[in-house]
Participant: 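My questions all concern the structure below.
Keep in mind that this is a model prediction, so the values were computed, not measured. All chains are named by letter (A, B, ...) in the order of the sequence lines, taking the proteins before the strands, and each is independently numbered beginning at 1.
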Amino acid sequence: MTETQNPPNSYRSQPDDRGHFGDFGGRYVAETLMPLVLDLEKHYTAAKADPAFSAEFDDLLEHYVGRPSPLYYAERLTEDVRTNAPEGKGAQIWFKRDELNHTGAHKINNCIGQILLAKRMGKTRIIAETGAGQHGVATATVCARFGLPCVIYMGARDMERQQPNVFRMKLLGAEVVGVESGARTLKDAMNEALRDWVANVHDTFYIIGTAAGPHPYPELVRDFQSVIGREARTQMMDRTGRLPDLLVAAIGGGSNAIGLFHPFLDDADVAMLGIEAAGEGLKKKHAASLAGGEPGILHGNKTYLLQDEDGQIDEAHSISAGLDYPGIGPEHSWLSDIGRVEYDSCTDEDALAAFQQLCRTEGIIPALEPSHAISAVVKRAAEMDQDKVILANLCGRGDKDIFTVADALGVKM
Amino acid sequence: MTRLSQSFASDRAALVAFITAGDGDTAANLDALVEGGADIIELGMPFTDPMADGPAIQLANLRSLAAGTKTADIFAIAKDFRVRHPNVPLILMGYANPMVRRGAQWFADACTDAGVDGIICVDIPAEEDDVLGPGLRNAGIANVRLATPTTDANRLPAVLEGATGFLYYVSVAGVTGKQQAAQASIEDAVAALKSQTDLPIAVGFGIRTPEQAAAVAKTADGVVVGSAIVEIIAEHGAGAAPHVRDYVKSLSSAIYNARK
C-alpha cells in the first residue's frame, strides 16, 4: 500500500464531501439509514455555520462540563523518568487533564455536541453503544440534562466488568440493554445499536461515542473533541511560549487522540504518536487495528480492521474495555498511511505498570485507556533531550478501573 | 435474456427464497428450495457482524461460521448448485467486508466462475458503489439494490443508477424477520417504484405465511422469504430439507394462485 504522495496543503481539510479521508471513511450503511445519515450531514453543516449552536456548545462545556480542563506539568513523573534516563535525557511531561471533566472522561465533550444536534433535528429518543461505560455514562448524563429517554447498548461481558458504570447509567435514568451476541463486548453493542436505529429512524438519534461510523460521524465527533487540542495549544503557548515537540494519546476508536491532534496537524514541528492496545502482545490477543489489521468495511466506514483472510472480523482484546474494539476511526487510518502521525502499541502489562507509576508519582489515578499513552510517554521521554516537551492526553480517570486493576494485580478487595 | 430476467414471469410473482450458506446441509436445502418451487435463490454469505439482521439470521450466520464456513466453501456450494440446477438463478446476499476482502475484481471473477447471477450487499449504498459495483456490472453480474420506506422520491434516482437485475424493496424500516408492513403501504410503495424503473420489484422483510406471500404477490414481481426458512433449518438441523421443501411449496402454491 505504500505509494509516494505529495503532502496535502493542509492535513486539516479532510474529509471530502463524500466523507472520505483519502481511501478511508465513507458511508457504508444500509439503505434505510442512508437518508438519515444525509439529513444529519445537512443539519451538522448548518449547525457549524450557526453562531447560536457554538455559543450553546461552548456555554455547556464551560459551566456544565468544567472546561477548559487544566494543562499540567507532571514534574515528579518527569523527575522519575530522568532518574533512570541517560545523562541529559528526560523530556518534560505535560498532561491535558480531560479526566477532570464532568463524568470523568473526554467522552462528554462529544455527547454535548451530539445532543444539541439531536435537539436541532427534533429527535426525541437517544441510543448509544458503550464499551467501558464511559460513553454510556456521558450519554445518559446529557439525556438526563436535556430530558430525553435514552437506551444504552452494552456487551454483557462489559457489563460484568464495569458494574459501577452500569449502575451510574441507571441512576441517570438510562435503560441499559445487555447484548449477548458475539464476544459480548463493544463491537456487538454497536451492532445492536445499529439494529435499533434502523428500526426507529423516525424519532431516534444515535450518539456514536468515537470518531468512527458513517460520515458525518467521524468528522463531527472530531470537531466536538477538538476542543481538547485547541485549548491545549493555547495553554501551552501561554505557559511556555512554544508548541510541544510530541503529542501522545491512546487510541481505541481514536476520539480523544484526534481531538488532541487535529488542531496541531499543520504544525510541522509537532510530532504525534497514537497508542493502540497491544493486549497480551501483538502476536497474541490484542486490539491494535493499525499494527495488526488491514483495510476493510465495518460499522459504516472503511478503515483498518482486525480480520481474517475472508473478511470475518476478529475479536479484539485489551484489559481496557474502552480500547477493546477491532477497528479504528478512519481519519487515523489515513493519518497513518500518509505518515503524518506515528502509531505504536502498548501491552496490558505495560499499561498496568504506567497506571501505578502515575498514581505514585503524581497522585493521579488514570483510567486504563490513557495508561497506555502514559507508558509510551515514559519510554519516549527517556529517549528525548530534557528541553523537549511531550504533551499527553489524560483522557479519563481510573475510578471505574480499580476493580479490574486489583484483579490483574492479584489483590482481593 | 438472462437467467435472472427469465425467472420473473409476467403472469405471477417470483418466489425468492433465502438461506444462509453453511448453515445445516446447504446443498440439500438448496435442492429443497427448488423442489418447493422457489424461482430465485438468495444464498447468504455469513458474516461475524450481521447488523441489519434480526435474531434468526444472526444465529444462522454464527452457526455457519462456527461450523467453519469459508468464502471458498460458499463459492463451491454455488458452483455445485449451478451444475445441478442450470436454470435457477442464484444471488449472493451479504455484507461488504467479505465481498471486498480480496478486491472487487476477484469477487466478480469468483461469481462468474461459480455461475452466480447477482449480488445484494446490505451495507454498500449507491454512494459507495465504486467499491464493488463497476466490477460486477462489467462481469454481467446483477448488482441488486435495496430501496426502503425511507428512500424518498428525491433519492430514488440515485439508488436506481447502476441498479441491475431487480430492485429489492425492504418493506419495513428495521431488521430482517420481524414485523411485516401493512399491505396498503406495500402496494403504494411498489406502484411508486414501478413509475420510476422497469426493473422487477421484489418485496421482502417479515413475510412468513402463505397468506402474506399471496397478498404481496398480487402487486410485486417477486416475494422474498428468508427468516422463516432459516428458522426451519435451525429447528431441524441436518434433516431440515423435507421441512424446507414443504414450507416453500406452501408459499409457491399461494403465489401461483394469488392472481387467479
Participant: Sort B:Pro50 into side chain, backbone, both or neither according to what part of it lies under 4.5 angstrom from a heavy atom of chain A.
Facilitator: both

Participant: Report yes if some heavy atom in the side chain of A:Ile297 is under 4.5 Å from a heavy atom in the side chain of B:Glu128; otherwise report no.
Facilitator: no

Participant: Between B:Leu65 and chain A, which part of the residue has a heavy atom less than 4.5 Å away: side chain, backbone, both or neither?
Facilitator: side chain

Participant: Under the salt bridge (Lys or Arg N to Asp or Glu O under 4.0 Å) criterion, do A:Arg195 and B:Asp53 qualify, and how do the steps go?
Facilitator: CA-CA 8 Å; A:Arg195 291 182 188 118; B:Asp53 282 299; over 6 Å; no

Participant: Would you find more than 12 non-hydrogen atoms of other residues, nucleotides or ligands less than 6.0 Å from B:Asp198 atom CG?
Facilitator: no

Participant: So what's closer than 4.5 Å to chain B heavy atoms on A:His20: side chain, backbone, both or neither?
Facilitator: side chain

Participant: Assess the residue pair B:Arg155 and A:Leu38 against the criterion (side chain to side chain contact (heavy atoms under 4.5 Å, CB included)); give the C-alpha distance rounded to whole Å, side-chain angles, the decisive distance to 0.1 Å, and a yes or no.
Facilitator: CA-CA 10 Å; B:Arg155 175 166 172 71; A:Leu38 292 169; 3.6 Å; yes

Participant: Using a 6.0 Å cut-off, check whether atom CD of A:Glu160 has over 12 heavy atoms from anything other than its own residue.
Facilitator: yes

Participant: For the CG atom of B:Asp49 and the CG atom of A:Leu194, what is their distance to the nearest 0.5 Å?
Facilitator: 10.0 Å

Participant: Measuring heavy-atom distances to chain B, does A:Leu305 have an atom under 4.5 Å in its side chain, in its backbone, in both, or in neither?
Facilitator: side chain

Participant: Measuring heavy-atom distances to chain A, does B:Arg145 have an atom under 4.5 Å in its side chain, in its backbone, in both, or in neither?
Facilitator: neither

Participant: Check the pair B:Arg101 / A:Glu294 against salt bridge (Lys or Arg N to Asp or Glu O under 4.0 Å), numbers first and verdict last.
Facilitator: CA-CA 9 Å; B:Arg101 182 66 171 109; A:Glu294 289 179 69; 3.2 Å; yes

Participant: Which region of B:Val100, side chain (C-beta onward) or backbone (N, CA, C, O), has a non-hydrogen atom less than 4.5 Å from a non-hydrogen atom of chain A, or is it both or neither?
Facilitator: side chain

Participant: Please identify, among A:Leu298, A:Asp314, A:Val201, A:Leu33, the residue contributing the most non-hydrogen atom pairs under 4.5 Å to chain B.
Facilitator: A:Leu298

Participant: Please report the closest heavy-atom contact between A:Asp310 and B:Thr71, naming both atoms and the distance.
Facilitator: OD2-N, 2.9 Å

Participant: How close do B:Leu146 and A:Glu31 get, counting heavy atoms only, and between which atoms?
Facilitator: O-CG, 3.3 Å

Participant: Looking at B:Pro98 and A:Gln312, what are the two nearest heavy atoms and their distance?
Facilitator: CG-NE2, 4.3 Å

Participant: Under 4.5 Å from any heavy atom of chain A, what part of B:Asp129 do you find: side chain, backbone, both or neither?
Facilitator: neither

Participant: Among B:Val131, B:Ile124, B:Leu59, which residue has the highest count of heavy-atom pairs closer than 4.5 Å to chain A?
Facilitator: B:Val131

Participant: Looking at every non-hydrogen atom in both residues, tell me the closest pair between B:Pro125 and A:Arg27 and how far apart they are.
Facilitator: CG-O, 3.0 Å

Participant: Any chance you could measure B:Tyr95, atom OH, to A:Ile313, atom CD1, to the nearest 0.5 Å?
Facilitator: 12.5 Å

Participant: First locate atom CE of B:Met51, then atom CE of A:Met190, and finally report the distance between them rounded to the nearest 0.5 Å.
Facilitator: 9.0 Å

Participant: Pick whichever of A:Ser181, A:Ala199, A:Gly300 has the most heavy-atom pairs under 4.5 Å with chain B.
Facilitator: A:Ala199

Participant: Please rank B:Thr150, B:Thr148, B:Asn97 by heavy-atom pairs under 4.5 Å with chain A and give me the top one.
Facilitator: B:Asn97

Participant: If you look at every heavy atom in B:Glu127 and A:Arg18, which pair is closest and at what distance?
Facilitator: O-NH2, 3.0 Å

